[in-house]
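Below is one structure, written out as structure tokens; the observations come after it.
Read the numbers this way: they start at 1 and go in the same order the structure lists the ligands and their atoms. One is the number of the first residue; the rest follow in order along the sequence. When reading the values below, keep in mind they use all heavy atoms of this one structure, side chains included, and skip hydrogens, waters and symmetry mates.
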Amino acid sequence: MNKYHIITYGCQMNEHDSENIAGLLEAMGYVYEEDPYDSDVVVINTCSVRENADKRFFGVLGQFKKKRRNDPDFILCVCGCMPQQPRIVEKINKQFSWVDIVFGTQNIAKFPELLEKRIRTGRRQREIIDNNPVIDEQEMKPKRMFRHKALVNITYGCNNFCTYCIVPYTRGREKSRMLQDIVREISCLAADGVREVMLLGQNVDSYRDAVGHDFADLLHAVNDIDGIIRIRFMTSHPKDISDRMIDCFRTCDKLCHNIHLPVQAGSDRVLKRMNRHYDTARYLEIVDKLRAAAPDITMSTDIIVGFPGETEEDFEATLDIARKVRYDSAFTFIYSPREGTPAARFTDQIPDEVCHDRFDRLVDVMNSISLEKNLEYKGRTYEVLVEGVSKTEDNAYAGRTDGFKLVNFTSDKTPDEIIGTLVNVQITESKTFSLEGVEVERN
Ligand code: SAH
Ligand code: SF4
Ligand code: F3S
């Protein structure tokens, strides 16, 4: 039996692509193997969003050199966002020429053919496509990571060209799937036992299919699918979020009261140079509207510190907006210049030590707000969708509240009984990044 392993970096797009790649491999008769060094085929699905992602990838690649040399039947494949950049493919061909197969983000369906060719001819395969106008999803039968929740693409690519970001170059122009194709896929998932869907796009708010359905139309259509009990989505872009979409928090009962709304920076001058197309006043107006529509809504964000030209005053404006919004959680990043993006050519790059100092100060502020918010949960009871056994404790499970809070809790039930169901959990302990509790009877 041939065995495969997939190493995945990056965002949920990549995670879902890896599910699709796993599905393709299993259709070819491969079986999943936990240990990459005991596998016949290893796929490394790469991310390039920051420089440390690049570095990590080349490190991992180096680790396979010996296995590749000692085992002529072993096949190493590289895909994802890194090979969408010609300089990376050149580097692989020069320094890691023993890599067997390289493909990109836009021709995943081609992978079985490339693998079959490599096996038949023994020759290395490279095939990258830029801006594939075709969405090749018919062939895909993703092998899901979770039984009860699923990732579903609604758009591919990105047209926004934020000046720091590599994604528009690695994922191509934005394409929206047809509403009825998405609904059909989710109906099948529901029939297969999926309870929660996460709708994926780099900017879900710019979803528009060929017959004019927008994101609010899509949310209503998904809300009508029997069997689905929770709907999430990411990522929202403040420049495109509409009042109709915000209203869905009132009208779509399955829509979880949680939103990831990247602000990136709290200074209007910096936002402009980032090409984000909103200012802080507009952002705060959206936050107010969301909280009016769903008073218990939880919010998370992405923030970049040390963007070129960021002054101490600009940075303090970022701390300021964070304190105003009071995010439940935040992903904070030090700006990383990406070759080929406009901001990498800006001449006013910020010294490392200034970036690190600001990063540490930001993380302190964000974490203390997260903890304060989580402390409000203590003693209360929440509905939790159980995802699996807890990583931290025996006899315990992990799940999420409607607002996406991670809850580790104890229960007398067996994994088979409880996973994928909704249970009531009383919160006994609040931490910065999670809550703890015990299952209690439904009332
Ligand atoms: N489409 C999503 C985000 C995709 S990338 C959106 O627009 O929000 C995820 C996050 O990585 C971004 O929100 C941003 O905060 C961060 N990021 C992207 N490029 C970066 C870079 N060059 N340096 C540091 N952080 C970056
Ligand atoms: Fe990158 Fe901006 Fe597109 Fe998000 S919206 S993927 S940050 S270019
Ligand atoms: Fe990384 Fe590509 Fe996602 S660069 S963040 S894997 S779109």
*atom 14 (C) of ligand 1 - nearest protein heavy atom and its distance*: Gln264 OE1, 3.4 Å
*Can you name the nearest heavy-atom pair linking Asp402 to Asn258, along with the distance?*
O-CB, 4.0 Å
_Atom of Met299, atom of Val287 and distance for their closest heavy-atom approach_ = CE-CG1, 3.8 Å
*Check each atom of ligand 2 against the heavy atoms of Asn160 and keep those under 4.0 Å away; list them by number with element.*
5 (S)
*Is the backbone N or O of Thr163 less than 3.5 Å from a side-chain atom of Asn275, with the two atoms forming a donor-acceptor pair by type?*
no
_Aromatic contact, Tyr32 with Tyr4 (centres under 6.0 Å)_ = yes
_Does any N or O of ligand 1 fall below 3.5 Å from an N or O anywhere on Ser236, backbone included?_
no
*Mark up the atoms of ligand 2 that fall under 4.0 Å of a heavy atom belonging to Val167, in ascending order.*
6 (S)
*Is there an N/O/S atom in Cys81 at a distance below 2.8 Å from atom 2 (Fe) of ligand 3?*
yes
_ligand 1 contact on Arg276 by region, counting heavy-atom pairs under 4.0 Å_ = side chain
*Does Gln202 reach ligand 1 with a nitrogen or oxygen that is under 3.5 Å from one of the ligand's nitrogen or oxygen atoms?*
yes
*asked:* To the closest 0.5 Å, what do you measure between CZ (Phe74) and CZ (Phe64)?
replied: 5.5 Å
*Please find out if less than 6.0 Å separates the ring center of Phe233 from that of Phe215.*
yes
*If you measure from CE on Met198 to CZ on Arg232, what distance do you get to the nearest 0.5 Å?*
6.5 Å
*Please state which protein non-hydrogen atom is closest to atom 4 (S) of ligand 3 and give its distance, to 0.1 Å?*
Ser48 N, 3.3 Å
_Among all the protein's non-hydrogen atoms, which is closest to atom 3 (Fe) of ligand 2, and how far away is it?_
Cys158 SG, 2.2 Å
*If you have a sec, work out which protein heavy atom is nearest atom 1 (Fe) of ligand 2 and how many Å separate them, to one decimal?*
Cys165 SG, 2.3 Å
*Closest non-hydrogen protein atom to atom 2 (Fe) of ligand 2, residue and atom name please, with distance?*
Cys162 SG, 2.3 Å
*Closest protein heavy atom to atom 3 (Fe) of ligand 3, given as residue, atom name and distance to 0.1 Å*: Cys11 SG, 2.3 Å
*Test applied, salt bridge (charged side-chain N to carboxylate O under 4.0 Å, His left out); reference residue, Lys143; option that passes from Glu15, Glu26, Glu19*: Glu26
_One residue to check: Tyr164. Relative to ligand 2, which of side chain, backbone, both or neither has a non-hydrogen atom less than 4.0 Å away?_
side chain
*Protein residue, atom and distance nearest to atom 4 (Fe) of ligand 2, heavy-atom basis*: Gln202 O, 4.3 Å
*Would you find a donor on one side and an acceptor on the other, under 3.5 Å apart, between the side chain of Arg173 and the backbone of Cys158?*
yes
_Heavy-atom closest contact (Val204 atom, Gly201 atom, distance)_ = CG1-N, 3.7 Å
*What are the atoms of ligand 2, with element, lying closer than 4.0 Å to any heavy atom of His237?*
5 (S)
*Quick one: which ligand 2 atoms are inside 4.0 Å of a heavy atom on Arg276?*
2 (Fe), 7 (S)
*asked:* One residue to check: Pro262. Relative to ligand 1, which of side chain, backbone, both or neither has a non-hydrogen atom less than 4.0 Å away?
replied: side chain
*Is the distance between the ring centroids of Tyr382 and Tyr377 under 6.0 Å?*
yes
_Numbering as shown, the atoms of ligand 2 that approach Phe161 to under 4.0 Å (heavy-atom distance)_ = 8 (S)
*Ligand-side contact atoms (ligand 2) for residue partner Pro168, heavy atom cut-off under 4.0 Å*: 8 (S)
*In terms of residue, atom name and distance, what is the protein heavy atom nearest to atom 1 (Fe) of ligand 3?*
Cys47 SG, 2.4 Å
_Protein contact to atom 16 (C) of ligand 1 [nearest heavy atom, distance to 0.1 Å]_ = Arg50 NH1, 3.3 Å
_Please check this pair: side chain of Arg269 against backbone of Gly309, looking for a donor-acceptor N/O pair closer than 3.5 Å._
yes
